[in-house]
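These figures come from a predicted structure and were not determined experimentally. Computation of the quantities below employed the complete heavy-atom set of this structure, encompassing side-chain atoms and omitting hydrogens, waters and symmetry-equivalent molecules. Note on naming: letters A, B, ... go to the chains in the order of the sequence lines (proteins, then strands), and numbering restarts at 1 for each one.
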Number of protein chains: 2
Amino acid sequence: MPGQVTLSDVAREAGVSLATASRALNGSANRTVGEDLRRRVHAAAARLRYSPDGIAQAMARGRTTSLGLVVHDIADPYFAAIAAGVAAAADEAGLMLTLASTGRRPGREVEIVTQLERQRARAVILAGGASGDTESDGAVRAALDSFRGVGGAVSVVGEDGLGSNSVVLANREGAADLARALRGLGYRRFAVLGGAGGHTALADRRGGFVDALAGLGCAVPDDLLLDAAPTRDGGHAAMSRLLETGAAGEVEAVFAVTDVMAAGALAAARAAGVRVGEDLGVAGFDGIEALQDVVPGLTTVRLPLARIGAEATRLALRPAAAEPELVPLAGEVVLGASTPGPPGR
Amino acid sequence: MPGQVTLSDVAREAGVSLATASRALNGSANRTVGEDLRRRVHAAAARLRYSPDGIAQAMARGRTTSLGLVVHDIADPYFAAIAAGVAAAADEAGLMLTLASTGRRPGREVEIVTQLERQRARAVILAGGASGDTESDGAVRAALDSFRGVGGAVSVVGEDGLGSNSVVLANREGAADLARALRGLGYRRFAVLGGAGGHTALADRRGGFVDALAGLGCAVPDDLLLDAAPTRDGGHAAMSRLLETGAAGEVEAVFAVTDVMAAGALAAARAAGVRVGEDLGVAGFDGIEALQDVVPGLTTVRLPLARIGAEATRLALRPAAAEPELVPLAGEVVLGASTPGPPGR
DNA sequence: TTGTAGGCGTTATCAG
DNA sequence: CTGATAACGCCTACAA
């Protein structure tokens, strides 16, 4: 059974010292091993089916080859798309990706970062951004500082860098652009699903949307700002609630702060006999691929998801010492059949 | 700067031996450390902000705490959903998840498994199943055997266990059920997108669908069995091709072997002015959540994706020695608005 | 260029 | 119950 084969075995088999075998197999800094010996060692390694022990190497070198990625829910297409970008970049950099999900449980990020610190991950990417809760964010910040303390690098995706390298998403601006676009289509009475008390990113979207609208002279009344969990079910529930209240009758379009929520809203509307597009406009945010290909095509603000992951990875791999770098990334409004314009004429 | 703090430091600070400190902090098998000393050690550890080095522990213990998961593309909702199930189960088992994507590049699975073997991952889950290519599958099998050689456990999701524990999906049966359901709706002329030469799982779906149809007296002509990549774009391209040929006119319903492909097909149909549902039925396979909430709701065979991940994890954590275990898991036909029944009356 | 030897941070074996 | 002291598998000055 192979695997139990150690470098010493290879060295012995090749008739060289442990050091030489090590240098021949993995090129150390000063690359210099006699071509003949080098050959002998490789042959011996192959013959014995030697497989270097990554753990031992990590320990000897004092650093791992793994990159930690923290998301809220990998099944959420938003995070899945970002993860794909990170995975590709990590692969290219020769790093293994360690994925951890918070399941949106508060406090989990800290636990995960701590765990990653224990495992001496080389870097960690926080894809979820800040939570908006001062105390909680402070704890995360502390955990990240501690992680840096052991030589780890950090990057976060979100508005607030939490003192780290970060990919700054134009959530406010994107939502404002969307608001203007919808207003341009003729919509005047809006409702917003989600963003209250949630993560900063979502709060920013809602804020950007509402503020821009106010600037255009059509404020959104408080009772049409519905709280909702950032999930498909959250969107569904909020839309259902909206439809049950009398207020719904006057609403011409609904903005769900994420596409996934918008999908839930779509289902709720359909279940209530409301035709999305004809009777009511619905827009989301994120630009999830899968939701673009159906009828009605969802109006949204498309974010360069894979790019976000790639940039976050690049930032996470920068020399730990350097000053935090911020990379701004914007979204683009995509008008779909879900918002053809207001119903009455 | 914390992190550089080692167990020896803690031991010294607490005035005990290294061994005792180790036993006090992490309970070894024979748990017995005087309550007073135990307290002293913990206090010292806290004071010094000691953080155990996972790498060193792994090396000393001779085993890691990480579980490898190999998927083709984490951005694909099918794999994302399975990954979510695995992530939850891994978390519960106290393991870290190492995610690797093949990007559908042939040969990548072997490289990844080898890499995972180097890192001494405790177990690995192959979510992609067999490729259908004998040579390639043989290489994967060999890599897995080697992995087991170093004490690793394995489980694979798919029809063919590749000699390992496996979650056996009823792809054939599910597709056959779907065929019967569509036939029951009145559809008689079908086209199939994908499954040719692809992974075994997809080939089985196509085979199950076509065979069942043949049994019902309506064989699918070869020119209506279109080859397609198992992606959104693959589905789009295949549908476009179908629509361009004259044969399309006679087709009443299209079966894409994955929901993601079906989404692409939907887009292609719409682009060509074909109304899905009214003019043409479209069905997929997988039961991707996001695709269920739109109009027309996609007819599909819903797989218990999260469950698949959970089971695969359970299998991967079984004692490595045991005989391979097979867990069959079936899908359920879900009829949506995308296949209301054939057009002409 | 090649070999020797010390060390990385823990766990585990075996005496006290 | 506690404490020395070997491993663990590999890297790397330092020496030859």
Side-chain angles (χ1 to χ4, degrees), chain A residues 2-42 44-45 48-65 117-122 149-151, chain B residues 2-42 44-45 48-65 117-122 149-151:
Chain A
Q4 299 297 40
V5 183
T6 149
L7 189 54
S8 318
D9 297 327
V10 177
R12 191 179 320 117
E13 171 84 2
V16 302
S17 79
L18 214 183
T20 301
S22 172
R23 291 191 275 246
L25 259 17
N26 322 294
S28 61
N30 29 4
R31 79 284 179 260
T32 35
V33 175
E35 187 50 30
D36 46 340
L37 281 194
R38 172 183 194 66
R39 220 185 290 283
R40 276 234 303 279
V41 174
H42 273 124
L48 266 38
R49 296 172 169 290
Y50 167 69
S51 165
D53 186 321
I55 299 300
Q57 293 184 314
M59 174 146 175
R61 298 205 244 253
R63 58 173 185 170
T64 9
T65 174
E117 177 181 331
R118 279 191 195 341
Q119 300 306 323
R120 301 295 185 267
R122 186 176 298 185
V150 297
Chain B
Q4 298 297 42
V5 182
T6 146
L7 188 55
S8 318
D9 298 328
V10 177
R12 189 179 323 115
E13 171 85 2
V16 301
S17 78
L18 214 188
T20 300
S22 172
R23 289 191 279 246
L25 259 18
N26 322 294
S28 62
N30 29 2
R31 79 284 179 263
T32 34
V33 176
E35 188 50 32
D36 46 341
L37 282 195
R38 171 182 194 65
R39 219 186 290 283
R40 275 235 302 280
V41 174
H42 276 205
L48 266 40
R49 295 172 170 290
Y50 167 69
S51 164
D53 186 322
I55 298 299
Q57 292 184 313
M59 173 144 176
R61 298 205 245 253
R63 57 173 185 170
T64 2
T65 174
E117 178 182 330
R118 278 193 196 340
Q119 299 306 323
R120 301 292 185 265
R122 186 176 298 187
V150 297

Taking only the side-chain heavy atoms of A/L37 (C-beta and beyond), determine which of C/dG9, C/dT2, D/dC10 contains the nearest atom.
C/dT2
To the nearest 0.5 Å, how far apart are CD in B/Q4 and CG in B/D53?
10.0 Å
How would you list, by chain and number, every residue that makes a side chain to side chain donor-acceptor pair (under 3.5 Å) with A/T65, sequence neighbours excluded?
none
On DNA chain D, does the nearest nucleotide to A/R61 precede the nearest nucleotide to B/T20 from the 5' side, or the other way round? Give the residue.
B/T20
Identify, residue by residue, the members of residues 7-17 of chain A with a heavy atom below 4.0 Å from DNA chain D, and return them in order of residue number, or none.
A/L7
Looking only at side-chain atoms of A/A60, point me to the closest of C/dG7, C/dG3, C/dT11.
C/dG7
Could you tell me which residues satisfy salt bridge (charged side-chain N to carboxylate O under 4.0 Å, His left out) with B/R12, sequence neighbours excluded, listed by chain and number?
B/D9
Five pairs per end, C1' atoms only: what is the angle between the end axes of the helix from C/dT1-D/dA16 to C/dG16-D/dC1, to 10 degrees?
30°
Whole-Å distance separating the CZ atom of A/R40 from the C1' atom of C/dT1
13 Å
Give, for atom CZ of A/R61 and atom CD1 of B/I55, the distance between the pair rounded to the nearest 0.5 Å.
12.0 Å
In whole angstroms, the gap separating P of C/dG9 from CZ of A/R63 amounts to 16 Å
How would you list, by chain and number, every residue that makes a side chain to side chain donor-acceptor pair (under 3.5 Å) with B/Q119, sequence neighbours excluded?
none
Atom CD of A/Q4 to atom P of D/dA7: distance rounded to whole Å?
16 Å
Minimal heavy-atom distance between B/A56 and A/M59, with the atoms involved, is CA-SD, 3.7 Å
Only counting residues at least two apart or in another chain, list the ones meeting side-chain contact (heavy atoms from CB on, under 4.5 Å) with B/R118.
A/S51, A/P52, B/T114, B/Q115
Expressed as a whole number of angstroms, how long is the span from A/R38:CZ to C/dG3:P?
15 Å
Quick one: side-chain contact (heavy atoms from CB on, under 4.5 Å) partners of A/L18, sequence neighbours excluded?
A/L7, A/S8
Among residues at least two apart in sequence or on other chains, which ones pass side-chain contact (heavy atoms from CB on, under 4.5 Å) with A/A45?
A/V10, A/L25, A/Y50
Given atom CZ of A/R118 and atom C1' of C/dG9, what is their separation to the nearest angstrom?
14 Å
Within the distance-only criterion (no hydrogens, no angle test), does the side chain of A/H42 pair as donor or acceptor with the backbone N or O of A/R38 below 3.5 angstrom?
yes
Those residues that, when tested against B/R63, pass salt bridge (charged side-chain N to carboxylate O under 4.0 Å, His left out) (two or more places apart)
none
When every non-hydrogen atom of B/G15 is compared with those of B/R40, the smallest separation belongs to O-NH2, 3.7 Å
Should A/Q57 be listed as having a side-chain N or O under 4.0 Å from OP1 or OP2 of D/dC11?
yes
Nearest to the side chain of B/S22 - D/dG9, C/dT11, D/dC11?
C/dT11
Hey, does B/G34 reach any base, or is it just sugar-phosphate, or nothing, if we go heavy atoms under 4.0 Å?
sugar-phosphate
Could you go through nucleotides 13-16 of chain D and list every protein N or O atom that sits under 3.5 Å from one of its N or O atoms, giving the distance for each pair?
none

What is the separation between atom CG on B/L18 and atom C1' on C/dG9, rounded to the nearest whole Å?
8 Å
Over how many whole Å does the gap from B/L25 atom CG to C/dT10 atom P extend?
9 Å
When you measure from the side-chain N and O atoms of A/N26 to the phosphate of D/dC10, is any distance below 4.0 Å, counting only OP1 and OP2?
no
Do the side-chain N or O atoms of A/T6 get closer than 4.0 angstrom to the phosphate oxygens (OP1, OP2) of D/dC8?
no
Length of the line joining B/M59:CE and C/dT10:P, which is rounded to integer Å:
13 Å
